[in-house]
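First the structure, in the form of structure tokens, and then the observations on it.
In what follows, chains carry the letters A, B, and so on, assigned in the order in which the sequence lines appear, proteins first and then strands, with residues in each chain numbered from 1. If you're wondering where the values come from, they're calculated on a predicted model, not measured in any experiment.
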There are 2 protein chains.
Amino acid sequence: MIEDRHSVVLSRLRDFVGGAELPDGGRLPPERELAESLDVGRTALRKALATLQAEGVVWRHVGKGTFAGERPMDTVADINAMVQRTNPLEVMGARIAFEPEVARCAALNATPSQIAELRSCMVKAQQAPTWRLYEQWDNRLHRLIGEASQNSLLLGLLDTLNAVRRAVTWGRLRDTPVRPPADHHSFEEHARIVEAIANRDGAAAADAMRKHLRSVESHLRDARG
Amino acid sequence: MIEDRHSVVLSRLRDFVGGAELPDGGRLPPERELAESLDVGRTALRKALATLQAEGVVWRHVGKGTFAGERPMDTVADINAMVQRTNPLEVMGARIAFEPEVARCAALNATPSQIAELRSCMVKAQQAPTWRLYEQWDNRLHRLIGEASQNSLLLGLLDTLNAVRRAVTWGRLRDTPVRPPADHHSFEEHARIVEAIANRDGAAAADAMRKHLRSVESHLRDARG
DNA sequence: ATTTTCAACCAATTTCCGATTGGTTCGAGA
DNA sequence: TCTCGAACCAATCGGAAATTGGTTGAAAAT
């Protein structure tokens with residue numbers, strides 16, 4: 001009669017979590033206490049708790065306890081926390097996954113004046129007299145694309161991504177007095193992106209952005225590897 | 001000769017922060033140690049530190065210490081700000097742009113145990129006895145896909161997006177005792193996504209996720225007019 | 001007189017250690 | 001075969017103690 005034993009413990013448990021209001025936010029007593037109070041072995045109790053957890057009625061965490069209801073989510077996007085967990089390779093991966101789709105949206109939604117601004121920004125980047133200024137205009141170009149998507153949420157996510165990127169690659173700023181070479185690979189890639197957006201070609205914009213970021217990634221690899 | 005004394009301490013300090021690489025992230029020794037090591041009174045040292053802080057060369061915080069460089073910014077992405085600016089349509093647009101690419105990464109990076117978890121979660125969603133529980137398992141499924149991407153930054157961005165989504169669609173939860181119909185459109189769509197991930201087919205995973213979200217979007221439109 | 005120094009204290013923060021808790025293993029026993 | 005009890009593990013929590021920048025006041029030095 002294994003099934004009987006299990007069912008009995010289960011129903012007693014259900015009564016416990018449903019019947020009484022748990023004093024602390026949905027938290028129920030530790031397994032050892034609960035086992036004794038229900039006059040059951042800890043093993044059987046844990047088996048029943050596992051069932052309830054599979055049903056989504058309770059959730060557990062080592063060191064915290066067992067709780068009734070839904071598992072609470074992290075509602076704060078702490079950029080510092082992301083920076084702690086991530087690394088430059090992941091950041092590049094996230095950019096390659098995310099920014100091409102932003103560019104696709106931009107191609108479909110950009111206003112003519114935004115397209116003009118994109119072109120202007122691109123030229124400014126090409127004429128930048130130093131690497132630092134070039135990167136400044138490059139950043140602005142990528143953010144303008146986010147603005148051109150006309151989706152404030154996408155823009156917010158892009159800003160978050162950039163904040164993490166800046167934090168992770170901190171100190172890697174090139175501050176040489178040299179200017180980027182006239183045949184810098186990014187120039188043509190930027191042009192392709194902007195033209196695709198101007199042509200309202202979402203697929204081409206996404207593709208050009210992906211190629212651009214992959215190019216940046218490979219150059220990063222060369223520089224450091 | 002007040003000025004002289006001050007200047008001497010200042011220059012010695014500047015040498016200290018500029019000359020040697022600080023072992024811990026820009027942190028320099030506590031004032032009491034530093035004062036002794038520089039053979040200066042703590043008062044004089046603090047005066048010099050105040051000058052450096054005014055120049056932005058160092059920053060200090062009670063209980064933490066004194067650090068070289070710029071004070072790190074308050075880096076919590078303000079979800080509330082995004083919620084203020086956006087709307088449900090934008091949220092859906094952002095999901096359609098973002099989540100398919102996350103699914104693509106998941107297809108390439110998921111571990112076998114994560115794939116098993118995805119399948120289990122999908123079944124749980126199909127068997128959910130109420131709409132609320134279904135949405136709970138649906139949310140978990142989408143987040144599991146984010147975890148399976150093995151990119152903590154993508155996961156962080158996904159969590160941010162979900163936090164905004166929850167805030168925007170708050171109060172729209174269906175809590176009817178009815179269960180989702182057995183032929184609910186999402187069931188087959190979920191299956192397609194999970195199978196594409198299991199087959200390591202990134203393109204198919206992205207495509208299935210996009211179709212799924214578009215389907216959700218159209219049903220939202222129908223429901224709310 | 002004015003400034004510097006020193007000691008003591010305050011409040012914010014970190015660090016450390018012990019207690020708690022879910023997760024796991026193992027052998028005895030029903 | 002399953003259950004029970006015990007022991008142990010790793011993650012977490014809680015609080016005491018140490019650390020640290022900030023402040024005050026009296027003594028000492030100039």
Handout entry: Length of the CD-C1' vector between Glu31(B) and dT5(C), whole Å
Key = 15 Å
Practice task
Rounded to the nearest angstrom, tell me the gap between atom CD in Glu33(B) and atom C1' in dG21(D).
Solution key: 14 Å
Problem - N/O (side chain, Lys47(A)) to phosphate O (OP1/OP2, dC2(D)) under 4.0 Å - result: no
Exercise for the section: Mind calculating the distance between CG (Leu49(B)) and C1' (dG21(D)) to the nearest angstrom? Expected result: 10 Å
Completion exercise
Gln53(A) CD to dG23(C) C1', in whole Å, measures 11 Å
Problem - Ring centroid separation His61(A) to Phe67(A) under 6.0 Å - result: no
Handout entry: Protein-to-nucleotide contact annotation, 5' to 3' order, nucleotides 5-19 of chain D [B base; S sugar-phosphate only; - none; under 4.0 Å, heavy atom]
Key = S-BB-BBSS------
Practice task
Could you tell me if the ring centre of Phe187(B) sits under 6.0 Å from that of His190(B)?
Solution key: no
Problem - Nearest-Å distance for atom pair CG/P, residues Leu28(B) and dT20(D) - result: 11 Å
Completion exercise
Taking every heavy atom of Ala48(A) against every heavy atom of Leu10(A), the minimum-distance pair comes out as O-CD2, 4.0 Å
Fill in the blank from the handout: To the nearest angstrom, the CZ-C1' distance between Arg60(B) and dA11(C) comes to 16 Å
Handout entry: Centroid-centroid under 6.0 Å between His212(A) and His142(A) rings
Key = yes
Problem - Residue-phosphate contact under 4.0 Å: Arg46(B) side-chain N/O, dG21(D) OP1/OP2 - result: no
Completion exercise
note: His6(A), atom NE2; dT1(D), atom P; distance rounded to Å ~ 19 Å
Practice task
Can you tell me the distance, in whole Å, between the CG atom of Leu45(A) and the P atom of dT21(C)?
Solution key: 14 Å
Practice task
Test Arg143(B) against every option in Asp159(B), Asn162(B), Asp138(B) by the side-chain hydrogen bond (donor to acceptor under 3.5 Å, both in side chains) rule and name the one that passes.
Solution key: Asp159(B)
Practice task
Return the minimal non-hydrogen interatomic distance between Leu161(B) and Phe98(B), and the atom names on each side.
Solution key: CD1-CD2, 4.1 Å
